[in-house]
Amino acid sequence: MLSGVGGKKKVTGREFLRQVRALDLQVRALEDELLTAQQSIDGLSGMRYDKDRVQGGEPPDLADKLTRVMELRRDINAEWDKLIDQRAKARVYIEYLHDYRYIYLLKERYICGNTWLYIAEQMHLDRRWVFRMHNAALDAFDKVYQDIDHLTPPDPCDIIKL
């Protein structure tokens with residue numbers, strides 16, 4: 001890693017793309033958690049007054065579950081905002097590469113979140129070749145990312161477009 005201003009370490013291009021992918025996975029995990037919480041609410045049944053009441057156990061507290069769902073939705077929205085911003089930056093930075101295959105591969109993996117198998121099929125390549133090309137693409141992206149400050153800054157309209 002390179003040292004940056006104030007002793008902070010500068011993030012490499014590889015690390016930047018890993019962070020984008022990790023954020024995508026984090027959002028997906030939060031969405032799964034939200035779905036589970038919503039299903040637990042859907043599974044609650046109303047009180048039956050035509051049956052004898054049986055004592056014991058704590059009834060599920062609907063208010064707590066609704067609060068958790070609202071918290072998860074708030075967290076997901078905040079994470080989605082971060083993810084959209086990071087993907088937009090990554091998209092613009094990737095466009096600085098000169099090899100269209102590298103551009104396609106990195107966009108498919110880090111912006112679209114596609115699997116290696118899907119990318120290999122789309123590129124009509126064996127997965128081993130995709131991995132080799134991915135390493136070469138990351139090397140090229142690292143060079144571009146290190147020089148990002150010296151390149152023409154992206155137009156804000158480019159960052160907004162996804």
Side-chain angles (χ1 to χ4, degrees), residues 1-42 65-162:
M1 266 204 223
L2 304 172
S3 290
V5 179
K8 284 188 173 181
K9 295 186 178 199
K10 185 174 179 181
V11 175
T12 66
R14 290 172 191 259
E15 291 165 343
F16 171 74
L17 290 176
R18 278 191 206 117
Q19 289 171 359
V20 173
R21 180 128 172 94
L23 190 55
D24 180 40
L25 295 173
Q26 184 177 340
V27 168
R28 290 178 195 212
L30 281 171
E31 287 176 338
D32 287 345
E33 189 177 343
L34 174 63
L35 181 62
T36 301
Q38 287 173 329
Q39 287 172 343
S40 73
I41 290 172
D42 292 343
K65 290 186 179 197
L66 288 173
T67 300
R68 181 64 185 142
V69 165
M70 290 177 5
E71 288 172 354
L72 282 169
R73 284 185 179 157
R74 185 191 67 235
D75 293 347
I76 289 170
N77 286 337
E79 292 301 308
W80 262 112
D81 289 344
K82 288 182 205 173
L83 179 59
I84 288 168
D85 182 51
Q86 290 298 91
R87 279 183 176 168
K89 287 178 186 176
R91 183 174 186 260
V92 170
Y93 297 161
I94 289 169
E95 287 292 332
Y96 282 115
L97 295 173
H98 297 291
D99 190 321
Y100 71 91
R101 298 169 306 162
Y102 294 172
I103 293 169
Y104 177 80
L105 195 154
L106 293 179
K107 281 183 177 181
E108 286 296 316
R109 183 68 180 165
Y110 297 100
I111 295 173
C112 299
N114 287 317
T115 64
W116 293 118
L117 181 60
Y118 175 84
I119 295 168
E121 288 172 355
Q122 295 302 307
M123 295 183 80
H124 305 288
L125 295 172
D126 183 74
R127 277 186 22 188
R128 287 177 294 178
W129 278 107
V130 171
F131 290 139
R132 289 179 187 148
M133 188 180 298
H134 178 252
N135 283 328
L138 287 177
D139 289 341
F141 185 78
D142 271 335
K143 290 176 186 172
V144 166
Y145 191 79
Q146 287 174 3
D147 294 334
I148 236 32
D149 296 334
H150 305 295
L151 298 171
T152 307
D155 184 355
C157 292
D158 290 339
I159 290 179
I160 292 172
K161 289 187 256 179
L162 255 182

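Between Tyr93 and Phe16, the two ring planes are tilted [angle within 30° to 60°].
Distance check: Leu72 CG to Thr67 OG1 gives 11.0 Å after rounding to the nearest 0.5 Å. Taking CG of Leu30 as the reference point, atom CZ of Arg73 lies at 13.5 Å (rounded to 0.5 Å). To the nearest 0.5 angstrom, Leu83 atom CG is 12.5 Å from Gln19 atom CD. For the atom pair CG of Asp85 and CG of Leu23, the computed distance is 10.0 Å after rounding to the nearest 0.5 Å. Rounded to the nearest 0.5 angstrom, Gln39 CD and Thr36 OG1 are separated by 6.0 Å. Remark: Glu15 CD to Asp142 CG distance equals 8.5 Å, nearest 0.5 Å.
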Donor-acceptor pairs under 3.5 Å, side chain of residues 106-114 to any protein atom, not counting sequence neighbours: which ones?
from	atom 1	to	atom 2	distance (Å)
Lys107	NZ	Glu95	OE2	2.1
Glu108	OE1	Asn114	ND2	2.4
Arg109	NH1	Asn114	O	3.1
Tyr110	OH	His134	NE2	2.7

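Under the 4.5 Å side-chain criterion, counting only non-hydrogen atoms from C-beta, Tyr145 is not in contact with Thr12. Within the 4.5 Å cutoff, no side-chain heavy atoms of Gln38 are placed close to those of Lys65.
Scored by the side-chain hydrogen bond (donor to acceptor under 3.5 Å, both in side chains) test, Asn135 finds no partners at all (sequence neighbours excluded).
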Derivation and outcome, salt bridge (Lys or Arg N to Asp or Glu O under 4.0 Å), residues Lys82 and Glu79:
CA-CA 5 Å; Lys82 288 182 205 173; Glu79 292 301 308; 3.1 Å; yes
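Within the structure, every pair that satisfies the salt bridge (Lys or Arg N to Asp or Glu O under 4.0 Å) test and touches residues 132-141, not counting sequence neighbours, is listed here: Arg14-Asp139.
A salt bridge links Arg28 to Asp24: one of the charged nitrogens lies within less than 4.0 Å of a carboxylate oxygen. The existence of a salt bridge linking Glu33 and Arg68 is confirmed by a sub-4.0 Å separation between a basic side-chain nitrogen and an acidic carboxylate oxygen.
No close placement of the Tyr102 and Phe141 rings is indicated, their centers lying 6.0 Å or farther apart.
Nearest heavy-atom pair, Ser40 versus Ala37, reported as atom, atom and distance to 0.1 Å: OG-O, 2.7 Å.
Between the side chains of Trp116 and Glu121, no donor-acceptor pair is found at a separation under 3.5 Å.
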